[in-house]
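Beneath this line is the structure, given in structure tokens, with notes to follow.
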There are 2 protein chains.
Amino acid sequence: MNMRRTTIKDVAEAAGVGVATVSRVLSGGSASPETRERVLTVAAQLDYRPSALGRNLRQRRSGGIGLLVPDITDSFYGRLADGVLACARSAGEPVILGTTGDDAEREAEEIAVLLEQGVDRVVAVPAGNGEIWEPTLRSGLTTVFAHRLAAGRQDVPAVLADDRAGVRTAVDYLTGLGHRRIAYLGGPGQDSRVSVFRQTLGALVDEELIVFARGSRDSAYAAAAGLFQHRPDLTAVLAGGNQLGEAAVLAARELDLRVPKDLSLIMFDDVPWAELCSPPLTVIAEPAQDIGYRAAELVLRAGGRRPRGALLPTELIVRGSCGPRRTQ
Amino acid sequence: MNMRRTTIKDVAEAAGVGVATVSRVLSGGSASPETRERVLTVAAQLDYRPSALGRNLRQRRSGGIGLLVPDITDSFYGRLADGVLACARSAGEPVILGTTGDDAEREAEEIAVLLEQGVDRVVAVPAGNGEIWEPTLRSGLTTVFAHRLAAGRQDVPAVLADDRAGVRTAVDYLTGLGHRRIAYLGGPGQDSRVSVFRQTLGALVDEELIVFARGSRDSAYAAAAGLFQHRPDLTAVLAGGNQLGEAAVLAARELDLRVPKDLSLIMFDDVPWAELCSPPLTVIAEPAQDIGYRAAELVLRAGGRRPRGALLPTELIVRGSCGPRRTQ
DNA sequence: CTGAAAGCGCTAACAT
DNA sequence: ATGTTAGCGCTTTCAG
């Protein structure tokens, strides 16, 4: 029943050549046309599939690329992962997926698993600070960060959406509508956005209106509800991701705040349901899938040297969740 | 800079024992208490991490479990994957993810990649018919199907939601509301559901009201819009998944059909946005995450013998998208 | 209880 | 151009 797989040795014998020749032919090395053809034919007849196991051990590295995201049930990371998979598939590389829950400790564990597997290329949405990555990077792991960078790790190439521009655009749009008390509802790893938020708002910043949730949906809801209750005077909110936006919509509804009459809402990340919502949500679209694809590309093309990162454009898509400031 | 990893040999030398002893100690084999302790101490000092590469080659199988889903950007499969990851993590096993796009050919390619990697355990939402799996299964791949089964492969254990019961409940609910012209908007691999749909509806079935989309969002929208245009006399629709439900809402809005006044809608799969929609969508909830977790559990616990599958309950969650039949 | 030794399938020197 | 050979790091007989 469960017979041994065909090995390179079987092919070599059947073709009457040495194993090295088979190896060369199959990896595009030099060989006489006729030998090449014979080997190829025999390999096909025997339905020979080179084992990645042997190759990996020999080369002291597993092919394949590791992918670490905070939460695969989040539409944004789902699309990001899809981009990575698309690129990896075109290169015939397997993808090992791990989730971190935006927790530094879990991230470290997942990295350990990848290392143990011999993975030497990884695309990650970093959860912990840069230090966690220190030993990993020094051990030769080719790393590309996606969507955000780790504090104090400017040396790792990263593929990011230009959410700084996104924040500016959103804030300008909101202030242009007359809003003055604008809140930022953030998630893990959004320090950079918040600093732009502060800059753009200038004298209008109100630190109490900047709140953070942890990764979970519950935490997001709690943060949103808390914000709306403590500061009923705010008139607009910028949600830092689709789960945060979802929480904001839910919390607003719970507190009988009408969108956009009582509260204007802009959400980072354009998800399909943003259009189904009523009112349809005004969003800052981020090219999640592209981010993943580009990051995978970088990590694959990295021929030892460190590639430069990329900054992808965001876009404000105006729908119906923002209106002029409510007159008190 | 890029120094060699610590190997089992290094540990053996440092501890003054043979490599075999180190191997035994680390895999819980027999050893004298003092030897064991010494080895453990040295291993810890050297920060030794066994390489999966060597172990895999020796055992002619990669650890790790393969996961094949149609589309990782679909919330349902995202949750399913999350379940698999949760179970795999608790077992310390890596997960190799591949997407099939519900295409048999791509599925075959992904299987080939997994096999080449030496993966011998896979959880899959099968796309192709059962025959594709024939050679794979005979080659000793431990397989568990999730969410649906492959035609003519009753021999593979599967973890399914009881969507047959779900369909019955939904149809009964709809007919109870007075509906007679009820449509089914289906996706790939939903034959079993449709057969129950026909059964439950009995004399009421109208074959023209049963339409199928391929996997994509576009295809789903086209199917929904086509259905609503050709048969404006229908009063209720059962959407076979969240993307189909989304398409139905969109198409209904486009054609100015009011939900639930003109059209009652029930969607398979309870996604977060179902509640944000207006009206909030009545759904048949499916335990996607559980399905993934249980499937992974089965594939891991499978000690050679073939485990039995599982049938998980679904639940009708009534919200606001269904109403009494519109009086013509 | 422990160590020596034989590979797992493959690639990369090194010969020829 | 091609064959021979030496491992990659690990587990597993097989002796002792």
Side-chain angles (χ1 to χ4, degrees), chain A residues 2-40 42-43 46-64 92 114-120 139-140, chain B residues 2-40 42-43 46-64 92 94 115-120 139-140:
Chain A
N2 197 345
M3 64 226 174
R4 212 168 67 16
R5 275 181 60 158
T6 312
T7 75
I8 199 174
K9 205 174 156 195
D10 301 326
V11 178
E13 282 172 8
V17 298
V19 289
T21 303
V22 177
S23 177
R24 277 189 213 103
V25 168
L26 265 44
S27 45
S30 62
S32 81
E34 64 177 32
T35 318
R36 145 165 284 112
E37 175 153 10
R38 188 148 36 93
V39 170
L40 254 23
V42 172
L46 266 47
D47 190 36
Y48 168 62
R49 307 255 165 224
S51 155
L53 266 33
R55 182 181 337 127
N56 290 346
L57 178 55
R58 176 62 228 240
Q59 305 185 154
R60 292 118 148 279
R61 47 160 289 243
S62 136
L114 293 180
L115 251 24
E116 180 173 333
Q117 297 302 312
V119 167
D120 66 344
S139 80
Chain B
N2 197 344
M3 63 227 175
R4 216 167 64 13
R5 276 181 61 159
T6 311
T7 76
I8 197 174
K9 204 174 156 195
D10 301 325
V11 178
E13 281 173 9
V17 298
V19 291
T21 303
V22 176
S23 176
R24 278 189 214 101
V25 169
L26 264 44
S27 47
S30 61
S32 80
E34 62 178 34
T35 317
R36 146 165 283 112
E37 175 152 12
R38 188 148 37 94
V39 170
L40 255 23
V42 172
L46 268 46
D47 189 37
Y48 168 63
R49 310 254 163 223
S51 155
L53 265 32
R55 180 177 344 122
N56 290 346
L57 178 55
R58 176 63 225 242
Q59 304 184 155
R60 289 117 149 275
R61 45 160 290 241
S62 137
L115 251 24
E116 180 174 331
Q117 297 303 313
V119 167
D120 66 345
S139 79

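Naming: A, B, ... by sequence-line order, numbering from 1 per chain.
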key: Derivation and outcome, side chain to side chain contact (heavy atoms under 4.5 Å, CB included), residues Thr7(B) and Ser51(B)   = CA-CA 8 Å; Thr7(B) 76; Ser51(B) 155; over 6 Å; no

Rounded at 0.5 Å granularity, tell me how far [atom1] in [X] sits from [atom2] in [Y].
| X | Y | atom1 | atom2 | answer |
| --- | --- | --- | --- | --- |
| Leu26(B) | Leu40(B) | CG | CG | 6.5 Å |
| Arg58(A) | Leu53(B) | CZ | CG | 12.5 Å |
| Ser62(B) | Gln117(A) | OG | CD | 6.5 Å |

Is the backbone of [Y] close enough, under 3.5 Å, to the side chain of [X] for a donor and an acceptor to pair up by distance?
| X | Y | result |
| --- | --- | --- |
| Arg5(B) | Ser139(A) | no |
| Ser27(B) | Ser23(B) | yes |
| Arg38(B) | Ala15(B) | yes |

key: Atom pair distance, as rounded to whole Å: CG in Asn56(B) and C1' in dC8(D)   =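 Distance check: Asn56(B) CG to dC8(D) C1' gives 13 Å.
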
request  = Starting from P on dT2(D), measure out to CD on Glu13(A) and report it in whole angstrom.
outcome  = 18 Å

query = Which residue, Val11(A), Thr35(A), Ile8(A), forms the side-chain contact (heavy atoms from CB on, under 4.5 Å) with Thr21(A)?
reply =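 Of the listed options, the one satisfying the test is Thr35(A).
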
ask   = With the sugar-phosphate defined as primed atoms, P, OP1 and OP2, and the base as all remaining atoms, what B/S/- string results for nucleotides 6-14 of chain C, 5' to 3', for protein heavy atoms under 4.0 Å?
value = BBBBBBBB-

inquiry  = Using a heavy-atom cut-off of 4.0 Å across all strands, would you classify Gly118(B) as base, sugar-phosphate, or nothing?
reply    = nothing

request  = Go through residues 30-38 of chain A and report each residue with a non-hydrogen atom lying under 4.0 Å from DNA chain C, sorted by number.
outcome  =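 Those residues whose heavy atoms fall under 4.0 Å from DNA chain C, taken from residues 30-38 of chain A, amount to none.
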
